[in-house]
Chemist: 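What follows is a structure written as structure tokens; I'll ask about it next.
Everything numeric here is computed off the predicted structure, so don't read it as measured data. The analysis underlying the following values was restricted to heavy atoms, covering all of them including side chains, and did not include hydrogens, waters or symmetry mates. Atoms within each ligand, like the ligands themselves, are counted from 1 in listed order.
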Amino acid sequence: MTLISNHMPTEELQRLDAAHHMHPFTAGAELNARGVRVITQAKGVTLTDSDGKEIFDAMAGLWCVNIGYGREELAQVAARQMNQLPYYNTFFQTTHVPVIALSKRLADLAPGDLNHVFYAGSGSEANDTNIRLVRHYWAAKGKPDKKVIISRRNAYHGSTLGGASLGGMQAMHAQGGLPIPDIAYIDQPNWYAEGGDSSPEDFGLERARQLEAKIAELGEDNVAAFIAEPVQGAGGVIIPPSTYWPELQRICDAHEILLIVDEVICGFGRTGNWFGSETYGIRPDIMTIAKGLSSGYQPIGGSLICDEVADVVNNAGDFNHGYTYSGHPVAAAVALENLRILDEENIVTNVRDVTGPYLAEKWAQLADHPLIGEAKIVGMMGSVAMTPDKSARAPFSSDPGVVGTICRENCFANGLIMRHVGDRMIISPPLIVTKSDIDTMMRLVVKSLDQTYASVKADGLLNAA
Ligand SMILES: *Cc1c(COP(=O)(O)O)cnc(C)c1O
């Protein structure tokens, strides 16, 4: 075991990090001034920082450590694969055993006829692949005008130029000249924030039908695909009304467009089934996968592609696209071992039948908390919306995220990682949480919400916008 425990003092590590390391999605100067948190090890659901403080990781890293931290088997598989074949590419009419085995396993796991995998190093790269793949597919079918991809405001599909363009995050579009051409957007199914007086069911239908209207507006002959997450993750764990996905599926079936389902978070057990598409009855033509595919132990992502699309693309000459690390042997071997553990230890079915329902019951009780306007959860991804006025579902008069940040800081202080998206608090714990872990987590969640309510009230922030 190489536990790097003889590290420098925390202050020195922070100083060096500030001097040389630029962090993603971070205001660098502000972080450098306050000092970064250094994580040194992790086991199960618990992180340890450089001061020895233990933290319950209710986000599974970034929604990815589905099997929990510290599984020796993955380390051993990686070491064995590095010794046998650390790297070879899959470009030049070559392949290797781990990528063959993983592809076969994914084809077996995936619903429908998603029998083909194009690999990437991440979810963002996989969505870049999807953009080029669907446009190339339609061009190969003699319809080069079918190139617009419809997505949703407040969706997250990654941070590359393509991924961030597909995403509907305004703050991301505002930097670096995004989006790229031929991406269109419809509204998200966030009933709590945008549903007004309509019922969730009516609102779900209305938001889904925006897709049909957008296809009509653009012209079906110009639309290549629609992309969506089964449940928006980074957008705040927005669980759609029950009417939403059936209507989207009907619309996709009725029109000649491809359905890309971004399963980067929902895939590999997060919603209590292997894929969110199963939880919501969705039939994707293409699926984006990453994160839980390797439980984050290795960087790997990909596109799962149906027979028809793969056939057309395979028969259209060279597809001029690929990554040096597409189907990386070590990442593929580790992913395969991760899938074995998820399957053989019944981790997905346990989320569906045991721990998911147990957590759902506790999570729903948060709706009674004075600070909470909505508490929603599916499988192991949940959210609460904080509000100064429950019945009105009102936002705070302070800037979005002010109260969320206060709550997140309370969580950290209590040894809990729970993330905020604006003034929503979100969780996505490792899928291996036990009932007793859930009890521990919920105690910390309630304690943090209580503290936040008290301080927000005391500071005069409990005002509706
Ligand atoms: C995280 C995420 C991505 C991007 O994956 P990366 O591996 O960070 O590039 C894409 N789609 C969804 C839904 C995600 O949550």
Chemist: Considering only non-hydrogen protein atoms, determine which one is nearest to atom 11 (N) of ligand 1 and report residue, atom name and distance to 0.1 Å.
Modeler: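 Sorting protein heavy atoms by distance from atom 11 (N) of ligand 1 puts Asp262 OD2, 2.7 Å first.
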
Chemist: If only atom types and distance count, is the side chain of Lys291 paired as donor or acceptor with the main-chain N or O of Val264 below 3.5 Å?
Modeler: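 Answer holds: no.
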
Chemist: With Ile341 as reference, evaluate Ile347, Ile432, Asn66 under the side-chain contact (heavy atoms from CB on, under 4.5 Å) test and give the passing residue.
Modeler: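 With Ile341 as partner, Ile347, Ile432, Asn66 yield a single side-chain contact (heavy atoms from CB on, under 4.5 Å), made by Ile347.
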
Chemist: Using a plain distance cutoff, I'd like to know if Gly123 has any nitrogen or oxygen under 3.5 Å from a nitrogen or oxygen of ligand 1.
Modeler: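 Yes - when backbone and side-chain N and O of Gly123 are compared with those of ligand 1, one distance drops under 3.5 Å.
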
Chemist: If the threshold is 4.0 Å, N to carboxylate O, is there a salt bridge linking Arg424 and Glu374?
Modeler: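 Judged by the 4.0 Å cut-off on N to carboxylate O distance, Arg424 and Glu374 do form a salt bridge.
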
Chemist: Could you work out, for atom 4 (C) of ligand 1, the closest of Ser124, Cys266, Ser122 by heavy-atom distance?
Modeler: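 When every heavy atom of Ser124, Cys266, Ser122 is considered, Ser124 comes closest to atom 4 (C) of ligand 1.
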
Chemist: With a cut-off of under 6.0 Å to the ring centre and 45° to the axis, is Arg393 in cation-pi contact with Trp191?
Modeler: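 Checked: cation-pi criterion met.
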
Chemist: Got the closest protein heavy atom to atom 1 (C) of ligand 1, with its distance?
Modeler: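 The protein heavy atom lying closest is Lys291 NZ, 1.5 Å.
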
Chemist: Report the distance from atom CG of Asn338 to atom CD1 of Ile67, rounding to the nearest 0.5 Å.
Modeler: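 Atom-to-atom, Asn338:CG and Ile67:CD1 are 4.5 Å apart.
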
Chemist: Ignoring hydrogens and geometry, is there a side-chain-to-backbone donor-acceptor pair from Tyr87 to Met82 under 3.5 Å?
Modeler: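 Checking the backbone N and O of Met82 against the side chain of Tyr87, no donor-acceptor pair under 3.5 Å is found.
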
Chemist: Would you kindly specify which portion of Tyr156 sits under 4.0 Å from ligand 1, judged on non-hydrogen atoms: side chain, backbone, both or neither?
Modeler: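 It is both backbone and side chain that touch ligand 1.
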
Chemist: Heavy atom under 4.0 Å from ligand 1: found in Glu125's side chain, backbone, both, or neither?
Modeler: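 None of Glu125 does.
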
Chemist: Which atoms of ligand 1 sit under 4.0 Å from any heavy atom of Ile265?
Modeler: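 Ligand 1 atoms under the 4.0 Å threshold to Ile265: 15 (O).
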
Chemist: Does the separation of the ring centres of Phe275 and Phe268 fall below 6.0 angstrom?
Modeler: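 Yes, the ring centres sit under 6.0 Å apart.
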
Chemist: Is Glu229 in polar range of ligand 1, meaning some N or O pair under 3.5 Å apart?
Modeler: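 Looking only at distances, the answer is no, because the N/O contact criterion of under 3.5 Å is not met.
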
Chemist: Starting from atom 10 (C) of ligand 1, locate the nearest protein heavy atom and write down its residue, its atom name and how far away it is, to 0.1 Å.
Modeler: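 Protein heavy atom with the smallest distance to atom 10 (C) of ligand 1: His157 C, 3.4 Å.
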
